[in-house]
Every structure is written in C-alpha cells, then in structure tokens.
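Numbers here simply count residues along the sequence, with the first being 1. Quick caveat: nothing in here was measured; it's all calculated off a predicted structure. Order of listing sets the numbers, starting from 1, for every ligand and every atom in it.
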Amino acid sequence: MNTDAWMPGGVALDRPSAARIYDYALGGYHNFEIDRLMAEKLFALYPDARLAAQACRAFLRRVVNFLATQGIDQFLDIGSGIPTVGNVHEVAQNANPAARVVYMDIDPVAVAHSKAILKDNPNATAIRGDVRQPEQILNHVEVRSLLDFSKPMAVLLLTMLHFVTDDDQAIGTVRTLRHALVPGSYIAISHGTYDNAPSEVIKQVEEIGKGTPTPPKYRSQAQIRELFEELEVVEPGLVYLSLWRPEGPDDVFLDWPERSLTWGGVGRKV
Ligand SMILES: C[S@@+](CC[C@H](N)C(=O)[O-])C[C@H]1O[C@@H](n2cnc3c(N)ncnc32)[C@H](O)[C@@H]1O
C-alpha cells in the first residue's frame, strides 16, 4: 500500500509502536512488519488480545454516544491512537455534525495519519503531545482554537493511562486536566488491570510488555478509582468494559467481562 499519505519522515521503523500494534489488532492497515511481528508474538502468548482490543474500541463508541446524548459536543481524545473504523469524530459527528474533536497522541505515525484523514474536516484535528505534560496540551494553539474551555467538554483517556507508570503522575495528570474543565464536563477513563486475571495470563501479558519500548503498568480497580477524584462517576460506575452500558448479547466478553483486563468509567465534573 502507499504509505506516503500517512507516514511522516524520520519515523523509526526498527522498533514496534503500541499505536501501530493496536491498529493491527483491530484489523487496520497503518502498521509495519516490525509491528505485525510483535503483534503476532503477542497473540500467540495472549490469545484474547484481539478481542480485548475490540472491547476497548466498543467501549469508546458507547461512551462517545452516551456523552453526545448528554449534550457534549467537544472532545479532547488523549492517547487517541491510529484512526480505525469508529473514531471519536465519526461517532460524535454522527450524533451532532457540529461536534469538535482534537486527537492527541505521542506516536508520530498516529498523528500523521489522523491529520491525513481529517484534512477536509474543519471540526477535527490531531496534534502530537505527551499526556505527562498536560499543561502543554491544554495550552496548545490548536486545542485552544477548536475547543471552548468556557463550555462543557469531554476528555477521553482511553486505554492509555497505564502508560503513565508513576502513580502520582497519573493522578496529577488527570487532576490538571480536570481543573481546566467547567462543571458539566466529563472525563472518561479505561485502564488495564490484572484484577481477577489468572496468573498464567498475567505472566503472558507482562512478558509482552517487556518486549515493548513502553511497558504498561496495570492497576487495580481501587487504584484506578483514585484517578476519578472529585468526579461524580456515572452509572454503572467503574466496571469491566463490557458491563458499561452494553448494547446487546453480541457485545465482546459480555459473558466473561474480566477477560478484557480493563476497567472503564465516566466521571462528571460537578
Ligand atoms: C491502546 S492505544 C488506545 C487508543 C484509543 N484511545 C482507544 O481506546 O482505542 C494507546 C495509545 O496511547 C498512546 N500513548 C502512550 N503513551 C502516551 C503518552 N505519554 N502521551 C500520549 N499518548 C500516549 C499510544 O501511542 C497509543 O496510541
């Protein structure tokens, strides 16, 4: 395939990227041989990986649909990854064509591809940044020009805060973001966990993490709850992804929710 449209110069192709591995797991095309090899190693070690990625993506869709019904029309999606089918702007603008979305990721390939697919969409853009520097995100000129901080908005931190391995930094990051929002805004978080995971699975997933440049730190439900400080957690609370407002019997892992290894919830600033 022609990669010119989405592959920026200077991208290291000798190291796998979490964003591109996730894209491959979801059936996307924005990945390289090095990512596919790592992903296949991952699937062999941890056969649930593809379904877990699908569960994360389905949670994103249900959360954005819910937020749209609450009147939210601006979204800051941090750690957004590489756009695959069912992106935030597609779901949000389907509900409200005027909805505005800023995507942000640390991975240059994710940002380049996001920019390419959004070039004709005046209400959505993508920037590069590091969630560990939340002030830089909040003061970014494109964030400020597209999003109105005097009105409610949603910040999405989906399947990404486990890459912030320092606990205080993770809590402090969410706190800084929360302070920038007006009441009526929302913060959605999904986060990897080993709660209730068989020890064999823990070993498998840890092994995979060691092989990546950014090994994640999975946290317990109690630790993840701390990220929601001062937020009113909406029903059904912080639950395994498939239990968050499921849509039907075909939802991934509905019959065995802990298999997603991910807790998710939505908090409202009051
Ligand atoms: C598993 S993907 C999640 C994608 C999307 N949020 C979703 O739920 O479908 C995790 C993303 O977090 C990004 N990421 C990791 N560390 C980051 C950081 N410090 N700042 C911003 N993004 C980061 C990765 O590049 C990757 O695209």
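Classified by interplanar angle (parallel below 30°, tilted 30° to 60°, perpendicular above 60°), the ring pair Phe59/Trp244 is perpendicular.
Ion pair Arg175/Glu135 not flagged as a salt bridge, since none of the NZ, NE, NH1 or NH2 atoms sits closer than 4.0 Å to an Asp/Glu carboxylate oxygen. Salt-bridge formation is not detected for the pair Arg219/Glu226: no Lys NZ or Arg NE/NH1/NH2 atom is positioned less than 4.0 Å from an Asp or Glu carboxylate oxygen. A salt bridge links Lys217 with Asp167; the closest basic N to acidic carboxylate O contact falls under 4.0 Å. Looking at Lys203 and Glu206, no side-chain N of the basic residue comes within less than 4.0 Å of a carboxylate O on the acidic one, giving no salt bridge.
For ligand 1, the atoms sitting less than 4.0 Å from at least one non-hydrogen atom of Met104 are 21 (C), numbered in the order shown with element in parentheses. Atoms of ligand 1 lying under 4.0 Å from any heavy atom of Asp130, numbered from 1 in the order shown and given with element: 18 (C), 19 (N), 20 (N). The distance from ligand 1 to the heavy atoms of Arg57 drops below 4.0 Å at these ligand atoms: 5 (C), 7 (C), 9 (O). Interface atoms of ligand 1 facing Gly81, defined by a heavy-atom separation under 4.0 Å, are 27 (O). Near Arg132, the atoms of ligand 1 lying under 4.0 angstrom from a non-hydrogen atom of the residue are 19 (N).
Remark: minimum distance from atom 16 (N) of ligand 1 to any protein heavy atom is reached at Phe163 CB, 3.6 Å. For atom 24 (C) of ligand 1, the nearest protein heavy atom (residue, atom name, distance) is Asp105 OD1, 3.5 Å. Nearest protein neighbour of atom 17 (C) of ligand 1, counting heavy atoms only, is Ile106 CG2, 3.6 Å. At the top of the distance list for atom 2 (S) of ligand 1, counting protein heavy atoms only, stands Tyr22 CD2, 3.8 Å.
Using modelled atom types, one finds no donor on one side chain facing an acceptor on the other under 3.5 Å when comparing Asn87 with Tyr103.
Heavy-atom distances between Ser80 and ligand 1 reach below 4.0 Å in at least one pair. Under a 4.0 Å heavy-atom criterion, Ser190 is not in contact with ligand 1.
The closest donor-acceptor contact from the side chain of Gln133 to the backbone of Asp130 lies at 3.5 Å or more, if one exists at all.
Considering only non-hydrogen atoms, atom 20 (N) of ligand 1 lies nearest to Val131 out of Leu158, Val131, Asp77, Val63. For atom 10 (C) of ligand 1, the choice among Leu241, Asp107, Val109, Thr159 with the nearest heavy atom turns out to be Thr159. Considering Pro134, Gly129, Gly79 only, the shortest heavy-atom separation from atom 6 (N) of ligand 1 involves Gly79.
Residue Met160 places no N or O, backbone or side chain, under 3.5 Å from any N or O of ligand 1.
Side-chain contact between Asp251 and Arg62 is present, with heavy atoms from C-beta onward closer than 4.5 Å.
Partner of Gln221 under the side chain to side chain contact (heavy atoms under 4.5 Å, CB included) criterion, chosen from Thr193, Asp195, Val239: Asp195.
Within the cation-pi definition used here (under 6.0 Å to the ring centroid, within 45° of the axis), Arg268 does not qualify as a partner of Phe228.
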